[in-house]
There are 2 protein chains.
Amino acid sequence: MPEPLSLIDQAERQCLARGVRFTPIRRRVLEMIATSHGALKAYDLLDQLAKEHGAARPPTIYRALDFLLEQGLVHRIESLNAYLACHCPEHQHGFQLLICRGCGRVEEMHDDDLGTRLVASADRHGFSIERQTIELEGRCQDCTSQAAAMAENAQ
Amino acid sequence: MPEPLSLIDQAERQCLARGVRFTPIRRRVLEMIATSHGALKAYDLLDQLAKEHGAARPPTIYRALDFLLEQGLVHRIESLNAYLACHCPEHQHGFQLLICRGCGRVEEMHDDDLGTRLVASADRHGFSIERQTIELEGRCQDCTSQAAAMAENAQ
DNA sequence: AAATAATATGATATAACATAACAATAATGA
DNA sequence: TCATTATTGTTATGTTATATCATATTATTT
Ligand SMILES: [Zn+2]
Ligand SMILES: [Zn+2]
Ligand SMILES: [Zn+2]
Ligand SMILES: [Zn+2]
């Protein structure tokens with residue numbers, strides 16, 4: 001799976017272009033989030049990082065996360081207090097997160113039409129929207145079919 | 001403003017109908033959330049409650065909140081770790097929250113079409129959605145016009 | 001009514017998540 | 001080089017939420 005590597009390279013290029021510093025700690029934290037299959041929590045990241053870097057403390061992780069969030073390289077999942085690498089940070093985007101209850105997988109969805117509608121709908125209520133948090137919890141295809149198979153066997 | 005009172009009466013009737021107990025603590029916590037203008041945090045509720053009820057501790061509040069959330073009488077705002085009274089708990093609903101950065105006001109919106117579209121969109125990604133968290137942060141009408149007036153005066 | 005079971009609350013402790021504040025170090029620019 | 005800025009180290013603390021077991025209240029059964 002070459003994707004995590006290219007994601008880091010992309011992040012590096014992006015930071016260079018913006019004149020911000022992609023330091024070893026920031027790089028390493030992004031790598032950890034990117035190579036994990038689901039979302040990661042701050043203190044899990046801390047535990048991992050501390051193994052390689054004894055000086056790591058909560059501020060170490062939260063500063064790295066703040067940086068990565070600001071640069072759009074990582075998204076925060078509010079309903080899980082967890083963090084997910086963005087796989088298309090190069091364009092600004094509104095996004096929706098699909099969270100599986102079964103396996104913990106989190107997928108990033110981009111339905112721009114949806115975002116537009118939300119903004120329009122809020123506008124009718126007098127609100128001008130600057131940030132959207134959209135998190136949809138349910139079951140992914142695998143977990144849905146697995147549940148169906150279990151039900152069948154139980155008969 | 002007679003609304004908070006009727007909201008409590010409505011909650012009482014609903015609990016009676018469902019055979020669940022609307023105890024004094026639960027009632028009081030709902031009252032506090034309902035009469036507050038914006039959203040309230042758990043530990044603010046705790047401070048308030050402790051003034052009238054010395055035995056109140058974190059579990060006291062979190063148990064009451066869990067109950068009220070289960071009954072749909074209160075909504076949790078994930079992006080603020082705060083709680084908001086529902087003004088139409090009688091019908092099951094998906095909802096969207098509009099959060100003002102200026103004044104902290106939170107409004108509940110019900111765009112059912114939006115909810116339907118979200119579900120359809122997620123379905124195309126193989127996800128079946130059971131819960132939606134939609135929180136839109138921006139500025140309410142008052143705060144937007146206030147900001148505009150300030151800018152005008154600054155010239 | 002008394003016994004039993006189910007719910008709810010009290011009480012203590014601790015887990016999980018996040019930031020404040022200041023010192024030390026490293027990178028950058030004049 | 002020297003000053004400036006950005007980053008990291010370090011300690012402490014603030015904030016949000018849950019686990020656990022004891023006690024009390026309410027509902028149900030006998
Ligand atoms: Zn993204
Ligand atoms: Zn799944
Ligand atoms: Zn509601
Ligand atoms: Zn406002």
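Predicted, not measured: the structure shown is a model, and the values here were computed from it. Reminder, nothing fancy here: chain letters follow the sequence lines and each chain counts from 1.
At least one side-chain nitrogen or oxygen of A/His53 sits closer than 4.0 Å to the OP1 or OP2 atom of D/dG9. Considering only side-chain N and O atoms, B/Thr23 lies nowhere under 4.0 angstrom from the phosphate OP1 or OP2 of C/dT7.
One interatomic measurement links the two molecules: CD1 of A/Ile25 to C1' of D/dG9, which rounds to 9 Å at whole-angstrom precision. Straight-line distance from the CG atom of A/Leu65 to the P atom of C/dA18: 9 Å, rounded to whole Å. Taking atom CD1 of residue B/Ile61 and atom C1' of nucleotide C/dA8, one finds them 15 Å apart after rounding to whole Å. Atom CG in A/Leu68 sits about 14 Å away from atom C1' in D/dT7, given to the nearest Å. The interatomic distance linking A/Phe22 (CZ) with D/dT8 (C1') rounds to 17 Å, in whole Å. Rounded to whole Å, atom P of D/dA6 lies 12 Å from atom CD of A/Glu70. Separating the CZ atom of A/Arg21 from the C1' atom of C/dA27 is a distance of 5 Å, rounded to the nearest angstrom. Separating the CG atom of A/Leu46 from the C1' atom of D/dT8 is a distance of 14 Å, rounded to the nearest angstrom.
Between B/Lys51 and B/Asp47 there is no salt bridge, since no side-chain nitrogen of the basic residue lies less than 4.0 Å from a carboxylate oxygen of the acidic one.
In this view, B/Phe67 satisfies the ring-ring contact (aromatic ring centres under 6.0 Å, His included) rule with no residue, not counting sequence neighbours. Qualifying salt bridge (Lys or Arg N to Asp or Glu O under 4.0 Å) partners for A/Glu108, counting only residues two or more places apart in sequence or in other chains: none.
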At a cut-off of 3.5 Å, list every protein nitrogen or oxygen paired with a nitrogen or oxygen from nucleotides 10-19 of chain D, distance to 0.1 Å.
unit_1, atom_1, unit_2, atom_2, d
D/dT16, OP1, B/Lys41, NZ, 2.5
D/dA17, OP1, B/Arg76, NH1, 2.7
D/dA17, OP1, B/Arg76, NH2, 2.9
D/dA17, OP2, B/Tyr62, OH, 2.9
D/dA17, OP2, B/Tyr83, OH, 3.3
D/dA17, O5', B/Tyr62, OH, 3.4
D/dA17, N7, B/Tyr43, OH, 2.7
D/dA17, N6, B/Tyr43, OH, 3.3

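For B/Glu90, the CD atom counts as densely surrounded, since its 6.0 Å shell holds more than 12 non-hydrogen atoms of other residues, nucleotides or ligands.
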### Query
Can B/Phe127 and B/His125 be said to form a ring-ring contact (aromatic ring centres under 6.0 Å, His included), step by step?
CA-CA 6 Å; B/Phe127 270 78; B/His125 284 68; 7.9 Å; no

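Taking the six-membered ring for Trp and the full ring otherwise, B/Phe95 and B/His75 have centroids separated by under 6.0 Å.
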Without placing hydrogens or testing angles, list every side-chain donor-acceptor pair under 3.5 Å for residues 20-28 of chain A, not counting sequence neighbours.
unit_1, atom_1, unit_2, atom_2, d
A/Thr23, OG1, A/Arg26, N, 3.4
A/Arg26, NH1, A/Arg21, O, 2.6
A/Arg27, NH2, A/Glu12, OE1, 2.9
A/Arg27, NH2, A/Glu12, OE2, 2.9
A/Arg28, NE, A/Glu52, OE1, 2.8
A/Arg28, NE, A/Glu52, OE2, 3.2
A/Arg28, NH1, A/Glu31, OE1, 2.7
A/Arg28, NH2, A/Glu52, OE2, 2.8

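A donor atom on one side chain and an acceptor atom on the other are found under 3.5 Å apart for A/Glu135 and A/Ser79.
For residues 63-73 of chain B, the pairs satisfying side-chain hydrogen bond (donor to acceptor under 3.5 Å, both in side chains) are B/Arg18-B/Gln71, with sequence neighbours left out.
For the strand DNA chain D, secondary-structure stems (runs of at least three Watson-Crick or G-U pairs, all distances below 3.5 Å) span C:1-30 with D:1-30.
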